[in-house]
Amino acid sequence: MASSVEHLAAASALAPSARLVGTVVRRKEDPRLLTGRGRYVDDVRVPGTLSAHFVRSEVARGRIVGLDTTAAKAAPGVVAVLTAADVNGRLRGRMAATPLLDMVNVPERPLADGDVRFVGDPIAVVVAESRALAEDAAELIEIDIDPSPAVVDFERAAASTDILVHEGERDSNIFSSLAVPPDDELASILSSSAHVLAETYRQQRYHAVPMEPRGVLAWFDPPSGEFRVWISTQSPHDVRSVTSRITGVPETHVRVTMGDVGGGFGQKAYLLRDEQVIILVAHLLGRPVKWIEDRRENLLAASSARIERCTVTLAADDDGRLLGASIDHLDDAGAYPLSASPGTMAALYFTGPYRIPKYAFSTASAWTNTVPRAPYRGPWQIETFAREQAMDALARRIGVDPLELRRRNVIDRGELPYVMPTGMSLVHVSPSETLEQAAELIGYDAFRAEQAAALAEGRLLGIGISLYIEPQANFGVYSAEPAHIRVQTNGCVDVYLGSGSHGQGLETTTAQLVADHLGVAIDDVAVHQGDTAQTPYAFGTGGSRSGPILGAAIRHAALELHEKAVAIAAGMLEAAPADIEIIDSVASVRGTPSRSVTLTQIAHTAYFAPEQLPPGAEPGLEVISRVPVTDPLYSNACHICTVEVDRHTGEVRILRYVVSEDCGVMINPAIVEGQIDGGVVQGIGGALLEEFVYDEAGNPLTTTFLDYLLPTAADVPMIEHGHIETPASSPGHYKGVGEGGAIGAPPAVANAVNDALAQIGARVDRFPMSPPRVLEAIDRARPTQ
Ligand code: MCN
């Protein structure tokens with residue numbers, strides 16, 4: 001991948017001994033994962049395991065008037081057929097994730113009880129000797145549902161009082177709402193400025209689609225009282241807490257292991273409803289029960305995201321300088337969301353990289369008779385999606401180039417800390433530098449000339465920019481991550497992480513940090529993650545926090561151990577600690593390499609000869625660190641892409657895609673770029689291909705990959721990278737990068753497509769921008785003869 005690095009102040013941010021941090025180190029986990037030696041949930045074998053299969057509603061809304069499981073119960077190999085009557089009464093506590101207990105007010109019920117509320121709502125679970133037998137028996141269950149009109153459209157749901165998703169339990173379809181209305185000054189700015197743009201942007205429903213669907217193997221063993229759970233998750237420790245809470249089994253008796261995870265993208269951040277059913281069923285049966293979601297189920301019943309509407313009002317003066325803004329945001333929560341709306345984050349960060357002095361917002365979230373919403377990579381990204389398209393629309397309105405409009409409004413480094421109108425203080429960001437770097441990398445001005453020449457030949461080329469700030473969640477439980485490092489008695493190093501990788505390459509970046517800051521060879525570092533019996537408590541991986549927050553803890557723990565090892569070595573070598581250096585697990589007196597001891601000898605002393613330790617030193621060589629990172633943490637980036645739109649077929653081809661990213665000090669630039677690329681590909685899918693469609697009655701129409709279209713290698717160009725490294729104030733100065741690609745890409749692509757189409761007076765405002773929609777827009781713009 002092309003790459004351009006501008007180190008602003010990074011050098012001073014690195015440890016003096018840094019050799020691996022900041023360099024491309026090949027991923028330690030790849031030989032295992034690429035040769036099929038990963039261990040996913042379905043690879044776990046426990047003797048006597050039963051298979052579970054869900055029977056789900058085929059109706060979006062209605063009363064269950066008949067449910068006969070007799071024939072299924074008598075089918076070969078069937079151990080149990082369970083419905084709400086068997087399972088729901090066993091629920092001992094709240095189903096919402098622990099940090100969200102105060103934010104989720106959805107009725108919590110494991111299986112549909114009396115009525116169904118979306119297609120895919122689990123009604124019964126068949127447990128049998130094998131998956132095939134469970135699926136066969138499921139066919140024998142007779143379900144009679146008396147359907148009633150469903151509310152599928154979230155904008156209608158928000159206003160509806162005649163159809164309530166949770167009728168009898170909630171008196172409206174509003175899941176949550178928050179507003180800070182405009183004051184008189186802003187109201188006047190928004191009505192009487194030289195340029196006022198008011199436009200509504202709608203995003204379609206699309207899904208996380210992890211390569212490994214959800215899966216859980218739960219085993220409650222009554223004689224021992226032990227509960228084992230193997231699960232594909234982003235937060236094993238919270239799975240443990242929720243398992244304990246819903247079953248009443250003491251948390252000390254619950255052990256959760258996550259193994260390798262084939263992608264989560266937010267869908268696996270919180271324990272979802274059907275996974276909790278499996279845990280309850282395993283508790284009830286006292287036998288190991290496995291459920292591996294199939295692809296159709298994952299599309300139909302796991303979770304959706306991104307289905308949102310945002311009306312943006314932007315006011316600017318004659319020169320295009322932004323004076324004020326307001327947004328009115330609404331999203332679709334689906335029927336049973338177990339997580340909060342991302343609307344508040346979207347509203348708080350809407351002004352993003354621009355100088356916007358006055359701002360107001362309203363945001364709400366509505367229940368609908370559809371699959372529940374869960375977080376998805378950059379859950380709040382509607383703010384970038386709407387703002388960046390609005391910036392292009394405003395530029396067209398004013399008659400300036402979109403790059404120029406951004407240049408006039410982007411926050412410069414000299415203005416930092418910049419207090420956003422919502423009160424948050426932007427620090428350590430570089431929006432204008434990333435804008436300029438991306439414009440240079442793509443050759444913005446040259447492209448404009450190429451575009452004009454192409455138009456003369458009848459070809460439609462376009463260029464699109466998207467600029468954003470990516471906040472990292474670092475409040476409450478999210479502000480600290482633990483790292484436990486143990487130098488073993490033979491000098492090898494084990495690192496135990498409370499969170500775990502589901503594709504982010506944490507084994508590698510963790511080992512890099514430990515190798516550098518402790519002074520050991522990277523191959524001597526083993527990283528363990530995702531087992532609650534081994535690792536310290538952490539909420540889990542999400543919010544792009546492994547780099548900044550876990551990184552700070554790993555670094556701190558390694559430095560603490562380094563200091564102790566130096567003190568022990570100094571005693572052993574009869575030298576001053578200041579003269580000791582540790583490189584590749586050998587401590588020596590600086591300038592006299594022959595005076596040295598190995599880390600093995602140091603560890604031996606630490607564990608086996610405590611009487612030889614320096615005064616006051618504790619025996620052993622291990623540390624657990626949690627470094628709270630509470631200062632604001634923001635990454636930022638600029639995406640620019642170029643496209644060609646085929647005016648005859650409506651097809652969009654991405655020609656080039658450039659990302660200039662600032663995630664502070666990069667621990668591993670290859671992993672950083674891989675994270676960006678993965679996110680960009682998902683964002684391209686969102687802009688051009690992916691959509692989960694319901695008909696008006698709430699029937700899903702896209703439950704296979706034949707009709708739910710994912711981007712393939714042929715749809716994506718090589719992504720080119722530029723980096724700006726503005727150190728954060730946190731230890732190590734790392735900022736997160738995992739979500740940005742998926743945030744920036746949809747509006748960059750949309751702006752490029754509409755930049756191409758603007759040349760013939762056309763505009764697409766429905767997503768994904770599929771060929772028929774592009775053709776329709778071109779047709780609409782064609783002058784009638
Ligand atoms: N990193 C780095 N230098 C930095 C920052 C990060 O080298 N300055 C490295 C980190 O050490 C880590 C990786 O980059 O190895 C990502 O770090 P970070 O940005 O902190 O993100 P998290 O590890 O916390 O991952 C969460 C984020 C989210 S929220 C989703 S959703 C997501 C994602 O990352 N889902 C993913 N990336 C994913 N990648 C894969 N392959 N699969 C998913 O499900």
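Values in this document were obtained by computation on a predicted structure and should not be read as measured data. First listed ligand is number 1; within each ligand, the first listed atom is number 1.
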Looking at ligand 1, is there an atom of it that comes within less than 4.0 Å of some heavy atom belonging to G678? no

Atom 43 (C) of ligand 1 [closest protein heavy-atom partner, distance rounded to 0.1 Å]: F265 CE2, 3.1 Å

Geometric N/O contact C663 with ligand 1, under 3.5 angstrom: yes

Which residue holds the protein heavy atom closest to atom 21 (O) of ligand 1, what is that atom called, and what is the gap in Å? S544 CA, 3.3 Å

Please work out whether the ring planes of F767 and F385 are parallel, tilted or perpendicular, with thresholds of 30° and 60°. perpendicular

Answer with side chain, backbone, both or neither: which part of V737 has a heavy atom less than 4.0 angstrom from an atom of ligand 1? both

Of the choices G736, G547, G740, which has the non-hydrogen atom that lies closest to atom 17 (O) of ligand 1? G547

Within the structure, is a non-hydrogen atom of G543 found at a distance of less than 4.0 Å from ligand 1? yes

I need the atoms of ligand 1 closer than 4.0 Å to a non-hydrogen atom of G542, numbered in the order shown. 29 (S)

Within ligand 1, which atoms have a heavy atom of G264 less than 4.0 Å away? 43 (C), 44 (O)

Atoms of ligand 1, numbered as shown, that sit under 4.0 Å from any heavy atom of P548: 20 (O)

Over 60° means perpendicular and under 30° means parallel, so classify the ring planes of Y478 and F475, tilted if in between. perpendicular

Identify the protein heavy atom lying closest to atom 37 (N) of ligand 1, giving its residue, its atom name and the separation to 0.1 Å. Q675 OE1, 2.7 Å

If we number the atoms of ligand 1 from 1 as shown, the ones under 4.0 Å from a heavy atom of S546 are 20 (O), 22 (P), 23 (O), 24 (O)

Quick note on ligand 1: atoms under 4.0 Å from a heavy atom of K735 include exactly 4 (C), 5 (C), 8 (N)

Protein heavy atom at shortest distance from atom 7 (O) of ligand 1: N668 N, 3.0 Å

Any side-chain heavy-atom pair from Y734 and I667 closer than 4.5 angstrom? yes

Can you sort out which atoms of ligand 1 are near H502, meaning under 4.0 Å from one of its heavy atoms? 35 (N), 36 (C), 40 (C), 42 (N), 43 (C), 44 (O)

Among all protein heavy atoms, pick out the one at the shortest distance from atom 28 (C) of ligand 1; state its residue, atom name and that distance to 0.1 Å. E739 CG, 3.7 Å

Look at atom 11 (O) of ligand 1 and find which of V261, L550, T509 reaches it with the closest heavy atom. T509

What about H639 and Y468, are their ring centers closer than 6.0 Å? yes

Do Y206 and Y376 make the cut of ring centroids closer than 6.0 angstrom? yes

Please name the residue in the list S635, P379, P471 that meets the side-chain contact (heavy atoms from CB on, under 4.5 Å) test with E739. P379

If I compare all heavy atoms of C641 with all of Y657, which pair ends up nearest, and what's the gap? CB-CD1, 3.4 Å

Are there more than 12 heavy atoms of other residues, nucleotides or ligands under 6.0 Å from atom NE2 of H562? yes

What protein heavy atom sits nearest atom 1 (N) of ligand 1, and how far away is it? V672 CG2, 4.1 Å

Of the backbone atoms (N, CA, C, O) and the side-chain heavy atoms from C-beta on, which set of I667 has a member under 4.0 Å from an atom of ligand 1: side chain, backbone, both, or neither? both

Report the part of V665 in contact with ligand 1, treating N, CA, C, O as backbone and CB onward as side chain, heavy atoms under 4.0 Å; options are side chain, backbone, both, neither. backbone

Given E661, M666, H723, the one that forms side-chain contact (heavy atoms from CB on, under 4.5 Å) with E673: H723

Find all atoms of ligand 1 within a distance of less than 4.0 Å from any non-hydrogen atom belonging to I671, and give their numbers and elements. 9 (C), 13 (C), 14 (O), 15 (O)

When you measure from atom 30 (C) of ligand 1 to every protein heavy atom, which one gives the shortest distance, and what is it? R377 CG, 4.1 Å

Numbered atoms of ligand 1 (with element) below 4.0 Å of G263, judged on heavy atoms: 44 (O)

Nearest-neighbour protein heavy atom for atom 12 (C) of ligand 1, which is reported as residue plus atom name and distance: Q504 O, 3.5 Å

F350 ring center within less than 6.0 Å of H329 ring center: no

side-chain hydrogen bond (donor to acceptor under 3.5 Å, both in side chains) partner of D260, the single match among H502, R39, R32: R32

Could you check whether D42 pairs with K290 (Lys NZ or Arg NE/NH1/NH2 to Asp/Glu carboxylate O, under 4.0 Å)? yes

